[in-house]
Amino acid sequence: MTDYLDGNVLAGPLREVFGVDLTTAGTRCVGCGQAAHVAELRVFTDAPGIVARCSGCDNVIMRLVRTPDAAWLDLRGTTALRVPLG
Amino acid sequence: MDTRTETASARTLVLDVPGWPGHLAGQHVDVRLTAADGYTAQRSYSIASPADGDHLELLVQLVPGGEVSPYLVEGFSIGDAVEIRGPIGGWFVWNPATSGEPVLLVGGGSGIAPLMAMVRARRAAASRTPFRLVYSVRAPDQVIYADELVRQSADGLDVTLVHTRLAPPGSTRPAGRIGVEDLGRPTGSAPDCFVCGPTGFVESVADMLVGLGHDPARIRTERFGPSGG
């Protein structure tokens with residue numbers, strides 16, 4: 001498997017979409033049920049776009065592709081996203 | 001805009017960012033360069049300084065053949081403007097105001113940058129929080145912030161240098177990769193752990209820390225990789 005980074009690198013791209021920091025948000029893997037913060041996901045940046053995978057089972061948690069005029073966010077791999085507020 | 005040479009391949013960029021909103025130790029910024037023809041390249045760099053008005057210090061490690069770092073390390077001049085976005089990231093951070101737990105920092109190479117922000121934030125806040133830094137470098141001449149780390153060790157910061165390729169003369173530890181004996185078991189009040197470096201380094205240190213009995217929930221990691229260029 002190629003070198004991966006972690007979800008910290010999603011901080012900038014996700015903030016561009018949501019306006020808040022999502023790296024402290026909680027995820028739960030659809031594949032294996034493992035809970036993790038976005039910052040703890042394994043992130044591959046050498047794909048077309050950014051792919052974040054579960055560190056437990058390698059399931060794809062999210063994909064983010066930035067085009068010149070839009071951001072595509074695929075959240076298929078997490079049952080929910082718990083965003084801390086306030 | 002000023003620069004400081006840290007080692008043969010690492011340089012500190014000192015930036016003045018009007019209206020900077022402040023940041024937490026460990027956060028990073030995105031730096032965007034735009035060429036005359038409109039082509040842009042963007043990289044993330046950790047902030048190495050604590051919050052201090054509009055003052056910001058970034059550590060840039062030269063990546064040979066890279067697209068951005070050679071320019072920032074070799075081509076950048078005092079007074080040049082650069083586009084900065086941030087502060088970014090709320091996970092790999094240490095806040096002296098809200099954390100009283102002891103801290104274990106483990107850095108590999110230029111992974112020292114966000115950890116140095118934490119060390120400096122501790123000093124700026126006159127915090128008494130016990131800090132231990134384990135810093136892995138290839139050789140003695142690659143220790144970034146060497147003088148400052150020596151000075152700070154008189155201030156309650158415990159620094160352990162790990163040399164992986166070449167140990168300094170007189171060293172009792174032979175050169176070699178970081179191991180469990182360099183990290184130590186958690187004793188007394190268990191520390192919050194921050195690990196930053198290349199992916200392989202972070203992976204092996206995090207595994208060792210868990211093996212030594214550290215709580216995985218208190219180990220925060222930041223990996224950087226070849227995309228750094």
Looking at B:Arg177, I want to see if its CZ is surrounded by more than 12 non-hydrogen atoms of other residues, nucleotides or ligands under 6.0 Å. no

Checking heavy atoms, do the side chain of B:Gln27, its backbone, both or neither come under 4.5 Å from chain A? neither

Run the numbers on B:Arg220 and A:Glu40 for side-chain contact (heavy atoms from CB on, under 4.5 Å), then give the verdict. CA-CA 8 Å; B:Arg220 298 200 172 194; A:Glu40 297 171 305; over 6 Å; no

Approximate separation, where rounding is to 0.5 Å, of B:Ile88 CD1 and A:Leu10 CG: 11.5 Å

Quick one: closest heavy-atom pair of B:Arg223 and A:Asp6, and the distance? N-OD2, 2.8 Å

On a heavy-atom basis, which atom in B:His28 and which in A:Ala11 lie closest, and how many Å separate them? CE1-CB, 4.2 Å

In short, A:Thr23 meets B:Gly90 closest at the heavy-atom pair OG1-N, 3.4 Å

Against chain B, work out which of A:Val9, A:Asp21, A:Leu22 has the most heavy-atom pairs shorter than 4.5 Å and name it. A:Asp21

Backbone N/O of A:Tyr4 and side chain of B:Thr199: donor-acceptor pair under 3.5 Å: yes

